[in-house]
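So that the names make sense, note that chain A is the first sequence line, chain B the second, and so on, each numbered from 1. Just so it is clear, the model here is predicted, and its values are computed rather than measured.
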2 protein chains.
Amino acid sequence: MLSYTEENYIKALLRLTLEKTVAGTNELAAQLGVKPATATDMLKKLREKQLIDYEKYGKISLTLEGRKKAMQVLRKHRLWETFLYEKLGFAWDEVHDIAEQLEHIQSEKLVEKLDKFLDFPKFDPHGDAIPNAEGEIKVFFTQTLSQIAVGNICRMAAVKDNSATFLQYVAQVGLSINEHIKIISKQPYDALTCIEVNGKQSNVSPKFTDNIFVVGENE
Amino acid sequence: MLSYTEENYIKALLRLTLEKTVAGTNELAAQLGVKPATATDMLKKLREKQLIDYEKYGKISLTLEGRKKAMQVLRKHRLWETFLYEKLGFAWDEVHDIAEQLEHIQSEKLVEKLDKFLDFPKFDPHGDAIPNAEGEIKVFFTQTLSQIAVGNICRMAAVKDNSATFLQYVAQVGLSINEHIKIISKQPYDALTCIEVNGKQSNVSPKFTDNIFVVGENE
DNA sequence: TAACAAAGTTAGATTAATCTAACAAATTTT
DNA sequence: AAAATTTGTTAGATTAATCTAACTTTGTTA
């Protein structure tokens with residue numbers, strides 16, 4: 001079982017690795033309000049416990065196990081935030097500090113009962129997704145590239161079709177996850193869509209645009 | 001602010017001093033699952049913080065401040081137990097261990113909102129009274145000595161009248177808080193009640209029996 | 001009342017988490 | 001590429017809470 005402190009370290013690492021590319025010791029220490037020397041000590045300990053991959057002077061990343069543990073803390077945090085907001089009537093901005101304490105309560109059964117009591121919420125009061133019991137965030141995309149109007153910009157979120165030929169085609173037009181896409185025009189005659197990715201324009205078929213999940217820019 | 005550990009010590013002391021006469025170091029240590037030496041150290045620390053009265057080799061008691069703090073922890077414990085039982089559907093015997101963790105969450109506002117959410121419960125799922133925000137357990141006695149039938153035994157809980165003459169009268173018949181009282185007989189003619197306290201019988205008036213709160217023996 | 005047992009304390013060590021100060025490695029700038 | 005800056009580590013100390021082992025006080029019993 002992880003200590004309160006260890007949980008806070010892996011949670012901070014999760015946040016850093018989600019938001020930015022890689023996490024460094026100073027950044028981690030700042031996030032937690034401790035000195036870098038302290039963080040270094042804890043990093044060694046977390047490595048011993050196989051929660052992170054780390055070599056001295058190198059970059060830090062969570063192992064699968066570490067990430068799962070961190071996500072479970074995040075799950076508790078967001079469920080408690082939802083409880084405080086929805087059930088107890090706390091304001092939007094008051095819930096975080098209390099949830100920081102509640103997220104360390106150890107009881108799987110409590111978490112599951114709380115989840116049920118809240119009617120299995122998918123998002124917390126800030127709109128952030130709540131991980132499931134296995135520590136995964138399932139994001140269900142509903143909008144495909146074909147639904148975006150001419151002139152708008154969106155961002156690629158996922159693909160429906162995972163075939164090699166399709167993925168090669170996707171790469172060929174310069175697309176990848178999070179890449180921006182602008183809809184230049186749509187041809188009424190042959191139903192092709194002209195998209196622009198990184199300054200490069202391509203004409204693609206409905207078969208293509210129907211298989212790309214996107215999110216709008218105004219999120 | 002008290003540490004998690006300090007809170008546990010004063011809570012254990014509260015339990016011991018409520019249940020038994022005086023608390024000793026060994027007993028306290030046993031209650032908390034630590035060695036007596038550890039308890040001694042902590043007792044010094046709690047004395048420094050003016051939470052207990054204590055001299056070495058002497059008996060231990062909570063100060064008013066210490067008692068208040070302990071009662072506030074107990075309040076949180078019992079409110080959370082009520083929440084787990086009433087709202088989350090936990091069983092009677094599952095709530096204690098989780099409440100042991102939840103009772104240490106620091107947020108006055110949380111406690112008050114939880115209290116309201118639970119509709120200001122007076123008793124927890126085990127039937128124990130929940131202290132108020134000031135750390136007091138208000139017990140409302142409803143039964144007076146005059147309502148006890150002949151032949152029954154009850155126990156003195158409190159008095160309605162606090163006048164000196166009444167209290168002297170009470171002492172004179174051998175009564176004090178928690179003292180047992182047996183109703184020997186009631187005279188229809190002059191409405192006097194014959195009571196027995198510690199083997200001593202006295203005839204008392206309705207004015208007397210109406211001003212003594214009692215609890216039945218079958219609690 | 002002297003001896004024994006129980007209760008409580010002290011001294012010294014350990015562990016987890018932290019710090020400061022000094023040092024080492026990596027990166028950026030000139 | 002040498003110098004300067006940033007980043008990260010090590011060594012040694014501190015605090016809170018705990019332990020064991022030895023000792024002291026108090027209370028009980030023969």
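- Counting non-hydrogen atoms under 4.0 angstrom, A/Thr38 reaches a base of the nucleic acid.
- In this structure, CD of B/Glu27 is placed 13 Å from P of C/dT9, rounded to the nearest angstrom.
- Straight-line distance from the CE atom of B/Met42 to the C1' atom of D/dT15: 12 Å, rounded to whole Å.
- The side chain of A/Lys44 contributes an N or O atom lying less than 4.0 Å from OP1 or OP2 of D/dT10.
- Computed from coordinates, the A/Asp41 CG to C/dA16 P distance equals 12 Å when rounded to whole Å.
- Within residues 51-61 of chain A, the residues having any heavy atom closer than 4.0 Å to DNA chain D are, in order of number, A/Tyr54, A/Lys56, A/Tyr57, A/Lys59.
- Under the 4.5 Å side-chain criterion, counting only non-hydrogen atoms from C-beta, A/Arg75 is in contact with A/Asp115.
- Between A/Leu14 and A/Met71 there is a side-chain heavy-atom pair separated by less than 4.5 Å.
- Dashed line: the shortest gap from a side-chain N or O of B/Thr40 to OP1 or OP2 of C/dT9 is under 4.0 Å.
- One can place CG of A/Leu16 at 16 Å from C1' of D/dG8, the figure rounded to the nearest angstrom.
- Note: B/Trp80 and A/Phe83 have tilted aromatic rings, judged against thresholds of 30 and 60 degrees for the angle between ring planes.
- Residue B/Tyr9 places none of its side-chain N or O atoms closer than 4.0 Å to OP1 or OP2 of D/dA16.
- Atoms CG (A/Asn26) and C1' (C/dA24) sit 14 Å apart, rounded to a whole Å.
- Base pairing annotation: C/dA21 forms a Watson-Crick or G-U wobble pair with D/dT10, both donor-acceptor distances under 3.5 Å.
- Taking 4.0 Å as the cut-off between side-chain N and carboxylate O, B/Glu6 and B/Lys69 do not count as a salt-bridged pair.
- A centroid separation of 6.0 Å or more is found between the aromatic rings of B/Tyr4 and A/Tyr4.
- Put simply, the residue from A/His104, A/Gln31, A/Glu100 that forms a side chain to side chain donor-acceptor pair (under 3.5 Å) with A/Asn8 is A/His104.
- A salt bridge does not link B/Lys116 with B/Glu112: none of the charged nitrogens is closer than 4.0 Å to a carboxylate oxygen.
- Listed pair B/Thr25 / C/dT9 meets the phosphate criterion, a side-chain N or O lying under 4.0 Å from OP1 or OP2.
- For B/Tyr4 and C/dA16, the OH to C1' distance is 16 Å, given to the nearest whole Å.
- The CD atom of B/Glu6 sits 10 Å away from the P atom of D/dT18 (whole-angstrom rounding).
- Of the residues near DNA chain C, A/Ser3 and A/Ala37, the one whose nearest nucleotide (by heavy atom distance) lies more toward the 5' end is A/Ser3.
- Taking atom CD on A/Glu48 and atom P on C/dT15, their separation rounds to 15 Å, with Å as the unit.
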